[in-house]
Number of protein chains: 2
Amino acid sequence: MDAATTLKNHDLRVTKIRLAILEALGDGHQAKPYGELQAALGEFDRTTLYRTLLALIEKGLIHKALEENGESYYALCGGCTTHAHTHDHIHFKCNDCGTVECLHLSNEIGFSLPGVDIDSLEITAKGTCSACSA
Amino acid sequence: MDAATTLKNHDLRVTKIRLAILEALGDGHQAKPYGELQAALGEFDRTTLYRTLLALIEKGLIHKALEENGESYYALCGGCTTHAHTHDHIHFKCNDCGTVECLHLSNEIGFSLPGVDIDSLEITAKGTCSACSA
DNA sequence: TTATTTCTGCAACATTGTTGCAATTTGTTA
DNA sequence: TAACAAATTGCAACAATGTTGCAGAAATAA
Ligand SMILES: [Mn+2]
Ligand SMILES: [Mn+2]
Ligand SMILES: [Zn+2]
Ligand SMILES: [Zn+2]
């Protein structure tokens, strides 16, 4: 399915910057930092980029993978909608090359804490990616 | 042990703002957002607050619990030093009252991912705290 | 093609991050 | 205690990101 169809399926009009963001995020396995997105989308006003990211998040097309040192990383979603955001995967950041990957776990992680009722979990792992450990 | 002694033990001079920050962070079970710290420490220049937080983190007295929507949350460490930062606990944020707690798990969480070598984990849970679920 | 709705770019301002530097404060030594 | 050296603070200054209002442009519906 092409990006234009994806946008329509999520109640979003097809515009240049939306197509450009989806293209910039590539295959969805990696998250891109805001700064890199802004650089790649330099032809557009940064306010538009800001609002477009909000819209794509809201409609379930992308998600914020992590925030670090004031910079947010964004990645494609797989199968989310406005009313159902499901991100049961972890984010792995390589301390060496800085790459941030969206990785699915084979076995589910679950635990409970006394007194509190857990709705969602965000897990960020750091270490060395396969490319950098070779 | 009082705050002044704690500072000395971590190779830090005893100054007003450092004592004030340690006092503002209370008993260490909860993390405070930057904005709240800045408000509580209004008598000091914000650059000094910025650099003092960096120094306290570096020396192992406090840690950044989480970053959310461009705001960082800080909490006291327990037993960290400049050369050994160990934070084997999770951060829980209540969706209702916004409180962020540092919670230790009874059982260790560990998992592996194919191809990558994991050095550290950051886990943030969200839900409803005991006070808000009552 | 026209009308309606949505989106974009621009201006404007707030907040946080960050560095340099001179004045002040702290800890040390005589 | 006084003088000294080292570390810390406050202020100015600038960068980056977040955020809103609004008018013109673009996308869809009729
Ligand atoms: Mn992800
Ligand atoms: Mn903590
Ligand atoms: Zn790597
Ligand atoms: Zn609560």
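Proteins come first, then strands; the chains are lettered A, B, ... in the order of their sequence lines, and each starts at number 1. Model, not experiment: these values are computed from the prediction.
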Assess whether side chain to side chain contact (heavy atoms under 4.5 Å, CB included) is satisfied between B:F111 and A:I90, documenting all intermediate values. CA-CA 11 Å; B:F111 56 84; A:I90 78 159; 3.7 Å; yes

Do any of residues 9-24 of chain A sit with a heavy atom less than 4.0 Å from DNA chain D, and if so which? A:R13, A:V14

Only one of B:E101, B:E68, B:E71 passes salt bridge (Lys or Arg N to Asp or Glu O under 4.0 Å) with B:K93; say which it is. B:E68

I want to check something: taking the side chain as every heavy atom from C-beta on, are A:L121 and B:I123 in contact at a cut-off of under 4.5 Å? yes

For the residue pair B:N9 and B:T6, confirm or rule out a side-chain donor-acceptor distance under 3.5 Å. no

Once you round it to whole Å, what is the distance between P of D:dG10 and CD of B:E43? 8 Å

Minimum heavy-atom separation for A:G26 and A:L76, please, with both atom names. O-CD1, 3.3 Å

B:Y34 OH to D:dG18 C1', in whole Å, measures 15 Å

Determine which pairs satisfy side chain to side chain donor-acceptor pair (under 3.5 Å) with at least one residue from residues 13-29 of chain B, sequence neighbours left out, and list them in order. B:K16-B:E43

Distance in angstrom units between B:L41 CG and D:dT8 P, rounded: 17 Å

Checking only heavy atoms, does the side chain of A:R46 share a donor-acceptor pair with the base of C:dG9 at less than 3.5 Å? no

A:Y74 OH to D:dT17 P, straight-line distance once rounded to whole Å: 10 Å

Tell me if the aromatic rings of B:H91 and B:H89 count as close, with their centers under 6.0 Å from one another. yes

Mind running a 4.0 Å heavy-atom check of residues 49-65 of chain B against DNA chain D and sending the residues that fall below it, in number order? B:R51, B:T52

Respond yes when some side-chain nitrogen or oxygen of A:T48 is under 4.0 Å from OP1 or OP2 of C:dG9, and no when none is. yes

Whole-Å distance, B:L37 CG to C:dT15 C1', equals 15 Å

Measure from CG on A:L7 to P on C:dT6 and round the result to the nearest Å. 16 Å

At their closest point, which heavy atom of B:H10 faces which heavy atom of B:G60, and how far apart are they? CE1-O, 4.0 Å

Could you state the atom-to-atom distance from CD of B:E67 to P of C:dT16 in whole Å? 13 Å

When the distance from CG of A:D45 to C1' of D:dA23 is rounded to whole Å, what number comes out? 14 Å

Would A:L49 and A:Y34 count as a side chain to side chain contact (heavy atoms under 4.5 Å, CB included) here? Give the steps. CA-CA 10 Å; A:L49 172 57; A:Y34 170 81; 3.9 Å; yes

